[in-house]
Amino acid sequence: MVNAVTHSQNQCVLLLKLNSNCRGSKKCSSSSSVFPKPFATFPSLTTQICHASFHGLPFADTVSDTKHRTLLVETYHHHDSLRALLVKLEREDSNPIHILAQDGDWSKDHFWAAVRFLKHASRFAEILQVFDMWKNIEKSRISEFNYNKIIGLLCEDEMMEEALSVLQEMKVQGMKPCLDTYNPIIHGLSRAGKFSDALRFFDEMKEYGLEPDSETYDGLIGGYGKFQMYDEMGECVKKMELNGCSPDHITYNILIQEYARGGLLQRMEKLYQRMLSKRMILQSSTFVAMLKAYTTFGIVEKMEKVYRKVLNSKTCVEDDVIRKMAEVYIKNYMFSRLEDLGLDLCSAFGESDLVWCLRLLSYACLLSKKGMDIVVKEMLDSKMNWSVGVANIIMLAYVKMKDFRHLRILLSQLPIYRVRPDIVTVGIVMDASRIGFDGRGALESWRRMGLLDRVVELKTDSLVITAFGKGHFLKSCEEVYSSLHPEDRERKKWTYNDLIALLPRSKHTGSMTV
């Protein structure tokens, strides 16, 4: 066995040497090659045979590798041609009809890629034009599948007039609509609030001998929920059950989400308990909807319980929802929960500006300088840059504590941290000046740097204002600004100097102007 392998290896070395000599000789030509024609024409085959011989592999394995490489090359060229088509479509003056005419024809993948592009670009009329031309190139493309897919795409964006015209053409072609045809139409009409039309197609389905399935009813239920027609939602479920179509987990999830959005907590909780008893799957979006409902009503215990389920499902929650949760804690003076909320978010999704805001705000509301120092140190250790929001949180706490020494130090360090004041920062200095702080140095420094000539900005998180209130300065600015004539408000871009100049007119300012 060893001798056989050695002999094979020796033959392989000889073949490689001969091939090398042949390629290196000027006298050598393809006609005088020492190899038989297959080797001369496909020199890479020699390498494949040698690879198989040296490693004791069957030659079939190398042929398989060749097929794999061929497939990769074909895939590359396929994606390359798709990219070329999309580049053509992206041009401002692109006309997909002309492009298709120039190309002669498109593959199935190319056609649907063009359709998706036109859909995202809201060029729906051109979708129908391209579809009409493409299907006529090859008659086998006039199929229920292609018509249903086009109808579905149009209904997703509520282009119902176009979708219905495709349905009519489908009927003219002698094709029988199916559930995949009617379901997106009923869904689209329901989302648009055209329930009489949706129900008309509901009846038309039955004329074709089609029985509505749970997906059909789900479209109606979701549409009723969107327009807060909760009684109709309940009637639709009853009709569904009477017709022998049992609500599935998707139906129940839609119902819970719509009741949650409508603030109908009792109905929401009743269905939630029913789903638990039936061991049905609860979607993460359902938990998020319930979380929003409990947050809106400020029900802390239930809010926290559902939030734990959302975290466990690794569902990403919108920052606005987190802010509303934080507002619930602030209004209930549960400041330490802000730290817990921030740590939970950090553990689940990583660090963010909102995470640091929550943690810092927790200790600022508790007026804990030590706690704020710990969070700031962790923030710096994590290479997070200072922001005006972070600075404002700390300074608002200093004002509450009347710790003017640390307030002055931090104000002097803002340029070092490359932090520019926003309207909240200016308000902190102005409000502190009302209770004994000398803010003239900070204002003068900002004037010298031209910072007060900048257009007014609010870069501090809204949670900070929720926690500490607007203060006299912001309230006075709002009062004075609202008292101006509309034309005076819009006459120019307002700077901090403009606002400060207006303040003496307000009855609340007095000694605020420095």
Side-chain angles (χ1 to χ4, degrees), residues 319 322-323 325-439 441-443 445-446 451 458-471 473-474:
D319 284 354
I322 300 299
R323 286 189 177 89
M325 287 182 65
E327 287 176 8
V328 172
Y329 288 137
I330 290 168
K331 288 173 183 176
N332 286 278
Y333 304 99
M334 302 168 72
F335 303 127
S336 62
R337 298 290 181 90
L338 297 175
E339 164 85 345
D340 298 334
L341 184 59
L343 290 172
D344 285 340
L345 279 175
C346 186
S347 176
F349 308 111
E351 295 174 352
S352 67
D353 289 340
L354 182 56
V355 165
W356 293 113
C357 174
L358 289 167
R359 295 188 61 197
L360 194 58
L361 201 56
S362 174
Y363 290 108
C365 290
L366 292 169
L367 303 182
S368 170
K369 186 176 181 301
K370 183 179 178 181
M372 289 192 295
D373 289 343
I374 291 171
V375 174
V376 169
K377 184 180 184 303
E378 288 183 28
M379 190 180 75
L380 296 176
D381 290 342
S382 298
K383 309 297 182 186
M384 290 290 294
N385 293 325
W386 275 74
S387 67
V388 68
V390 168
N392 286 341
I393 291 171
I394 298 171
M395 289 191 291
L396 282 164
Y398 288 157
V399 173
K400 279 273 186 182
M401 293 185 279
K402 294 190 177 180
D403 187 348
F404 296 147
R405 185 174 72 86
H406 282 101
L407 174 61
R408 187 175 291 103
I409 291 171
L410 184 50
L411 281 167
S412 67
Q413 291 175 333
L414 294 185
I416 300 172
Y417 297 134
R418 297 182 180 179
V419 171
R420 298 195 301 185
D422 70 349
I423 192 169
V424 175
T425 322
V426 174
I428 290 169
V429 173
M430 299 296 283
D431 289 351
S433 299
R434 292 170 56 88
I435 56 174
F437 176 70
D438 187 355
L443 289 175
S445 174
W446 291 340
L451 297 178
L458 176 59
K459 290 193 171 183
T460 302
D461 198 290
S462 59
L463 279 177
V464 180
I465 297 174
T466 300
F468 288 97
K470 292 182 179 180
F473 177 76
L474 286 180

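None of the values given here were measured: they were computed from a predicted structure. Here, residue 1 is the first one in the sequence, and each next residue gets the next number. Heavy-atom basis, side chains included; hydrogens, waters and symmetry copies ignored.
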- Query: Under 6.0 Å from the CZ atom of R408, do we count more than 12 heavy atoms belonging to anything else shown?
  - Reply: yes
- Trace of the side-chain contact (heavy atoms from CB on, under 4.5 Å) decision for W386 with L380: CA-CA 8 Å; W386 275 74; L380 296 176; 3.4 Å; yes
May I have the list of side-chain donor-acceptor pairs in residues 349-356 shorter than 3.5 Å, sequence neighbours left out?
residue, atom, partner, partner atom, Å
E351, OE2, S382, OG, 3.0
S352, OG, V355, N, 3.3

- Query: Hey, mind stepping through D381 and K377 against side-chain contact (heavy atoms from CB on, under 4.5 Å) and telling me if it holds?
  - Reply: CA-CA 6 Å; D381 290 342; K377 184 180 184 303; 3.1 Å; yes
- Task: Hey, can you tell me if F437 and F404 have their rings parallel, tilted or perpendicular (30° and 60° cut-offs)?
- Result: tilted
- Task: Could you walk me through whether M430 and L443 pass side-chain contact (heavy atoms from CB on, under 4.5 Å), step by step?
- Result: CA-CA 9 Å; M430 299 296 283; L443 289 175; 3.9 Å; yes
- Note on the structure: Taking every heavy atom of A364 against every heavy atom of I393, the minimum-distance pair comes out as CB-CG2, 3.5 Å
- Query: Quick one: CG on D340 to CG on L345, what's the gap to the nearest 0.5 Å?
  - Reply: 11.0 Å
- Item | Rounded distance [0.5 Å steps], CD1 in I322 versus CG in L338 | 11.5 Å
- Query: For the atom pair OG (S412) and CG (L410), what is the distance rounded to the nearest 0.5 Å?
  - Reply: 7.5 Å
- Query: Which value, rounded to the nearest 0.5 Å, describes the distance between E339 atom CD and L361 atom CG?
  - Reply: 11.0 Å
- Message: Please find the pair of heavy atoms, one from P421 and one from L451, that lie closest to each other, and give the distance.
- Response: CD-CD1, 3.6 Å
- Message: Can you confirm whether Y417 sits close enough to V390 that some side-chain heavy atom of one is under 4.5 Å from a side-chain heavy atom of the other?
- Response: no
- Note on the structure: The side chain to side chain donor-acceptor pair (under 3.5 Å) partners of N392 (sequence neighbours excluded) come to D422, T425, T460
- Which atoms form the tightest heavy-atom contact between R359 and G342, and what is the distance? CG-CA, 4.2 Å
- Message: Please give me the minimum heavy-atom distance between L414 and A391, naming the atom from each residue.
- Response: CD2-CB, 3.8 Å
- Message: As an exercise, state the distance from CG of L341 to CZ of R337, rounded to the nearest 0.5 Å.
- Response: 10.5 Å
- Query: Is there a donor-acceptor pair under 3.5 Å between the side chain of S347 and the backbone N or O of L343?
  - Reply: no
- Any idea which heavy atoms bring S362 and F335 closest together, and the distance? OG-O, 2.8 Å
- side chain to side chain contact (heavy atoms under 4.5 Å, CB included), paired with L360, selected from V464, I374, V375: V375
- Message: My understanding is that only residues two or more places apart in sequence, or in another chain, count here; which of them pass side chain to side chain contact (heavy atoms under 4.5 Å, CB included) with D373?
- Response: K369
- Item | Residue pair M401 / H406, side-chain heavy-atom distance below 4.5 Å | no
- For residues D461 and C357, report the shortest heavy-atom separation together with the two atoms involved. CB-SG, 4.0 Å
- Audit row: I435, V399, side-chain contact (heavy atoms from CB on, under 4.5 Å) steps and yes/no: CA-CA 9 Å; I435 56 174; V399 173; 4.0 Å; yes
- Mind checking the CG-CZ spacing from D319 to R323? Nearest 0.5 Å is all I need. 5.0 Å
